[in-house]
Amino acid sequence: MGLRVENLGTSARPSIRIVVFHDGGFEDGTKRELRDELAWRFHLDADLREFDRRMRVDARFAPVFRRWRGMRGSNPYTLYELMIVGALLQNATVRRTVQMTEALLHAFGTQVRFDRRALFAMWTPAELCRVSEHQLRELKVGYRAKMIKRLSAAFAAGEVDEFKLRAMDHESARRELMALYGVGPETARILLGSAFHYHSMVRHIAPWEGKIYSRLFYNRRMVAESRIRDDLNRRYGAYASLAASYIFEDVFWRRRHEHIAWLEKEIRL
DNA sequence: CGGCAGGTGCGGA
DNA sequence: TCCGCACCTGCC
């Protein structure tokens, strides 16, 4: 299926319309399943009222929380797809991640055309299992080839149940994810926030993120990860990682309109 | 040409 | 639990 999402509402009265493009086999049952799945992936039923109330009185970042009101952890992908993205993000610049992603999609993805667009759908775990590590390395993904193989094998063998993970508590889900080859604390953080909508305790801050938080929170070059983490958890409690993501997103949004010298030095495209 | 990038697995303290 | 190290590749 190809989907087009249209905004039909306002912040006060949110409403969207989903237009579905398909080549047959779309029935009423499919429609309900699709709606439920989209509601999960984009966390459409998130209740952010308590979060809004709390952040509205934040001494320092209240304007940030106001500007992004309604934002929540979400993503359009399946867990497998997001995990592959996570593997391709590791230890790479954005440019290189894009290059690896395009190489893989052209080799193993399916190009679909709908709504006057041509997009790639990712391969399935089973399909990737028939690809050798050597073939992957030829597409310049480096040591990530092994991760892609092992993750695909785990999913193809039914060892990862996305729906079971959705029902788990934060810590259990994190433990299960980190047991997978290629998923460490940073990829787990991305998955837990984007795919599972856990927004409570901050467990891990990657070095490059730590540098950005250091500037934003302390106006210093580098503050210890443990201190940033503890401060965030103390200040924002059950909403610590959601609050952190608001503040993090905001600085990148500001970057589009104003020059932030220190930020330019911290990021490489 | 070394250093490093939106990390991770592994072996050893 | 924590630490140091190797690891594909491409850009600076």
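It should be emphasised that the depicted structure is a prediction, and the values quoted were computed from it without experimental measurement. Convention: sequence-line order gives letters A, B, ...; per-chain numbering from 1.
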So A:V183, base contact, sugar-phosphate only, or nothing? Heavy-atom distance under 4.0 Å.
sugar-phosphate
I'd like to know if A:R32 and A:D36 make a salt bridge, using a cut-off of under 4.0 Å between side-chain N and carboxylate O.
no
Rounding to an integer number of Å, can you tell me how far A:K149 NZ sits from B:dG9 P?
18 Å
Below 3.5 Å, does any donor atom in the side chain of A:Y143 face an acceptor in the base of B:dG9, or the other way round?
no
Any idea which of B:dA5, B:dC10, B:dT8 is nearest the A:Q90 side chain?
B:dT8
In whole Å, I'd like the distance from the CD atom of A:E102 to the C1' atom of C:dT9.
16 Å
Candidates B:dT8, B:dG6, C:dC12 - which lies nearest the side chain of A:R189:
B:dG6
Between C:dC11 (P) and A:Q99 (CD): distance, integer Å:
7 Å
Among C:dC8, B:dG6, C:dC11, which nucleotide has an atom closest to any side-chain atom of A:R137?
C:dC8
Between A:R53 and A:E50 (salt bridge meaning N to carboxylate O under 4.0 Å), is one present in this structure?
yes
I'd like to check A:L105 versus A:W123 (side-chain heavy atoms, cut-off strictly below 4.5 Å). Are they in contact?
yes
Answer with base, sugar-phosphate or nothing: what part of the nucleic acid does A:P207 contact at a heavy-atom distance below 4.0 Å?
nothing
note: A:M100, atom CE; B:dA5, atom P; distance rounded to Å ~ 15 Å
A:F248 has an atom CZ; how far is it from atom P of B:dG6, in whole Å?
10 Å
Closest nucleotide among B:dG9, C:dC8, B:dT8 to the A:N91 side chain:
C:dC8
Ignoring backbone atoms, establish whether A:T93 has a side-chain N or O less than 4.0 Å from OP1 or OP2 of C:dG10.
no
Contacts of A:R150 and A:L89 projected onto DNA chain B by closest heavy atom; the upstream (5') one is A:L89
Would you call A:R56-A:D52 a salt bridge at under 4.0 Å N-O?
no
How close or far is atom P of C:dC7 from atom NZ of A:K146, stated in whole angstroms?
12 Å
Looking only at side-chain atoms of A:R96, point me to the closest of B:dG7, B:dG6, C:dT9.
C:dT9
If pairing requires Watson-Crick or G-U wobble contacts with both distances under 3.5 Å, which nucleotide is the partner of B:dA5?
C:dT9
Compute whether any side-chain donor of one residue and acceptor of the other, for A:T78 and A:E162, lie under 3.5 angstrom apart.
no
Determine the interatomic distance between P on B:dG6 and the same-named atom on C:dG4; round to the nearest Å.
22 Å
Close side-chain approach of A:R117 to A:R4, heavy-atom, < 4.5 Å:
no
Check every strand shown and say whether A:R95 touches a base, only sugar-phosphate, or nothing at a heavy-atom separation below 4.0 Å.
sugar-phosphate
Looking at every strand, decide which applies to A:T97 at a 4.0 Å heavy-atom threshold: base, sugar-phosphate, or nothing.
nothing
A:Y213 OH to B:dG6 C1', in whole Å, measures 11 Å
Between CD1 of A:I212 and C1' of B:dA5 the distance, given in whole Å, is 13 Å
